[in-house]
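Just so you know, residue 1 is the first one in the sequence shown, and it goes up from there. Only heavy atoms go into these numbers, but all of them, side chains included; no hydrogens, no water, no symmetry mates.
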Amino acid sequence: MTAKIIDGKAVRDEILCQLKNEMETLKQQGVTPGLAVVIVGDNPASKLYVGMKIKKCKELGMHSAVHEKSADITQEELVALIHQLNEDENIHGILVQLPLPAHIQEEAIISAIDAKKDVDGFHPYNVGNLMIGDAYFLPCTPAGIIALLKHYNMEIAGKHAVVVGRSNIVGKPVSLLLLEEHATVTMCHSKTSNLAEIVSQGDIVIAATGRPDLLGKEHIKPGAVVIDVGSPKSDVKFEEVKEVASYITPVPGGVGPMTIAMLMKNTVLAAKQRIENTTIQV
Ligand code: GUN
């Protein structure tokens with residue numbers, strides 16, 4: 001069996017098309033959704049991702065502002081920038097590209113973002129709501145993965161989903177979202193001793209480790225759905241795994257485009273939410 005290749009770009013384009021209509025409605029109400037992106041230092045991968053995010057904002061007609069800061073910025077200076085963006089009426093969403101330099105505490109920066117502008121869904125308030133199944137902003141990559149599975153009409157309820165990787169950005173939140181969809185979820189990580197044995201029980205495998213080529217065909221049950229979150233290099237040995245899986249995401253062109261689509265969706269949502277709150281108060 002050769003797996004069907006999941007086309008993240010096509011699904012992204014469908015989502016962006018819907019968002020374009022919502023943007024038109026917002027603009028008629030005098031609102032242009034605005035996203036501020038903060039990038040610290042010159043990590044080449046981060047620069048690439050931020051460039052792609054801004055490009056999509058522009059294509060959608062969204063307002064965007066990039067704040068590029070040198071790696072020696074202090075935590076206090078960065079918090080001050082976040083506070084300024086929290087107050088900025090033209091900005092509905094704030095994204096601080098991770099990772100940050102080692103001298104800056106990521107939690108302190110994320111917590112400084114107004115939870116209503118936290119389009120990444122990383123603020124403890126939004127993480128807490130995700131935990132109780134009442135999230136407003138879903139974290140972008142996990143939400144993109146669920147959207148892909150649903151787009152291809154894949155059954156999630158009752159399936160065994162194995163998530164490899166336990167990051168706050170992907171592994172933990174995608175596990176919660178899969179649980180919300182009634183999957184039976186197993187989480188594996190770098191200290192899991194019998195990785196191949198566990199992963200090969202998965203009907204759905206989410207590989208989000210950042211370790212290139214970690215999973216091969218020996219890890220995959222025939223007919224499983226394989227979602228590769230590796231970037232820029234794949235976590236999955238694509239050529240051999242596609243011979244056993246039923247569906248597989250390519251890298252690039254699988255999950256990555258969906259992350260950006262979900263970021264745009266959250267920014268539009270943040271703008272809509274502001275209008276609703278303002279209307280209620282008036
Ligand atoms: N670094 C890698 N993925 C992400 C993401 O989704 N959001 C942010 N802010 N940083 C990241």
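Considering N129, L130, L176 as possible partners of L138, the one that fulfils the side-chain contact (heavy atoms from CB on, under 4.5 Å) test is L130.
The shortest heavy-atom contact between L148 and T249 is CD1-CG2, 4.1 Å. For the pair M187 and S175, the tightest heavy-atom approach, listed with the atom from each and the gap, is CG-OG, 3.4 Å. Of all non-hydrogen atoms in L85 and K117, the two that sit nearest each other are O-NZ, 2.8 Å. The minimum heavy-atom distance linking T278 with R274 is given by the pair OG1-O, 2.5 Å. Between N90 and H63, the closest heavy-atom pair is O-CD2, 3.5 Å. Closest non-hydrogen pair, G93 versus T267, comes out as N-CG2, 4.5 Å.
Between V174 and V229 there is no side-chain heavy-atom pair separated by less than 4.5 Å. Inter-residue side-chain proximity for T74 and I104 is flagged as unmet; no heavy-atom pair is nearer than 4.5 Å. Two residues are said to be in side-chain contact when any heavy atoms from C-beta on lie closer than 4.5 Å; I82 and H67 fail this criterion. Taking the side chain as every heavy atom from C-beta outward, N168 and P173 never approach each other to under 4.5 Å. Side-chain contact check for D42 versus K47: some heavy-atom pair is nearer than 4.5 Å. Taking 4.5 Å as the limit, some side-chain heavy atom of P99 sits within range of a side-chain heavy atom of E106. No side-chain heavy atom of P252 sits under 4.5 Å from any side-chain heavy atom of P232. Residues D235 and D213 are not in side-chain contact: their nearest non-hydrogen atoms beyond the backbone lie 4.5 Å or more apart.
Taking CG of D120 as the start and CG of N266 as the end, the distance is 8.5 Å to the nearest 0.5 Å. Here the straight-line distance linking atom CD of E181 with atom CD1 of I146 works out to 5.5 Å at 0.5 Å rounding. Distance check: I39 CD1 to S70 OG gives 12.0 Å after rounding to the nearest 0.5 Å. Taken to the nearest 0.5 Å, the OG atom of S111 stands 9.0 Å off from the CD1 atom of I109. Here the CG atom belonging to L95 is positioned 7.5 Å from the CG atom belonging to L98, to the nearest 0.5 angstrom. Here L81 contributes atom CG and K69 contributes atom NZ; the two are 5.5 Å apart, rounded to the nearest 0.5 Å.
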Result block: side-chain N/O donor-acceptor pairs under 3.5 angstrom for residues 20-32, not counting sequence neighbours:
{"residue": "E22", "atom": "OE1", "partner": "K272", "partner atom": "NZ", "Å": "2.6"}
{"residue": "T25", "atom": "OG1", "partner": "N21", "partner atom": "O", "Å": "3.1"}
{"residue": "K27", "atom": "NZ", "partner": "G61", "partner atom": "O", "Å": "2.9"}

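If you chain together ILVMFWY residues whose side-chain heavy atoms come under 4.5 Å of each other, V244 ends up grouped with I5, V162, V164, L195, I198, V199, V205, L214, L215, I220, V226, V236, F238, V241, I248. V251 belongs to no hydrophobic cluster, as no Ile, Leu, Val, Met, Phe, Trp or Tyr side chain comes under 4.5 Å of its own.
Without hydrogens or angle criteria, S200 side chain to E197 main chain gives a donor-acceptor distance under 3.5 Å. In terms of modelled atom types and a separation under 3.5 Å, the side chain of N126 and the main chain of G121 share no donor-acceptor contact. Using a distance-only test at 3.5 Å, with no hydrogens or angles considered, no donor-acceptor pair links the side chain of D228 to the main chain of V255. Of the possible donor and acceptor atoms, none in the side chain of Q273 sits under 3.5 Å from a partner among the backbone N and O of K116. With hydrogens and angles ignored, the 3.5 Å screen pairs a side-chain donor or acceptor of T209 with a backbone N or O of R211. Although no hydrogens or angles enter the test, the distance criterion places no donor-acceptor pair under 3.5 Å between the side chain of S234 and the main chain of G230.
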### Task
Start with the C-alpha gap between I260 and K55, add the side-chain angles, then the distance that decides, and say whether side-chain contact (heavy atoms from CB on, under 4.5 Å) holds.
CA-CA 10 Å; I260 298 182; K55 185 165 170 255; over 6 Å; no
### M264 vs C57, side-chain contact (heavy atoms from CB on, under 4.5 Å): CA-CA, chis, key distance, verdict
CA-CA 7 Å; M264 301 297 112; C57 280; 3.7 Å; yes
### Task
Show your working on side-chain hydrogen bond (donor to acceptor under 3.5 Å, both in side chains) between S231 and Y49 and close with a plain yes or no.
CA-CA 10 Å; S231 178; Y49 301 144; 2.6 Å; yes
#### Entry: Check against side-chain contact (heavy atoms from CB on, under 4.5 Å), D114 and D118
CA-CA 6 Å; D114 180 343; D118 169 38; over 6 Å; no
### Message
Checking T184 against K159 for the side-chain contact (heavy atoms from CB on, under 4.5 Å) test, could you report, in this order, the C-alpha distance in whole Å, the side-chain angles of both residues, the deciding distance, and whether it holds?
### Response
CA-CA 6 Å; T184 302; K159 297 293 176 191; over 6 Å; no
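In this structure, K237 places its NZ atom where more than 12 heavy-atom neighbours from other residues, nucleotides or ligands lie under 6.0 Å away. The environment of K242 atom NZ is dense: over 12 non-hydrogen atoms of other residues, nucleotides or ligands sit within 6.0 angstrom. No more than 12 heavy atoms of other residues, nucleotides or ligands sit less than 6.0 Å from atom NZ of K265.
Sequence neighbours left out, the pairs with a member in residues 120-157 that pass ring pair (Phe, Tyr, Trp, His ring centres under 6.0 Å) are Y152-Y247. Sorted by first and then second residue, the ring pair (Phe, Tyr, Trp, His ring centres under 6.0 Å) pairs involving residues 84-110 (not counting sequence neighbours) form an empty list.
Salt bridge K9/D7: absent, no basic N to carboxylate O contact under 4.0 Å. By the 4.0 Å N-to-carboxylate-O rule, D203 lies close enough to K221 to be salt-bridged with it.
Partners of K172 by salt bridge (Lys or Arg N to Asp or Glu O under 4.0 Å), not counting sequence neighbours: none found.
Under a hydrophobic clustering in which Ile, Leu, Val, Met, Phe, Trp and Tyr are joined whenever their side-chain heavy atoms come within less than 4.5 Å, directly or via other members, I94 and V127 fall into different clusters.
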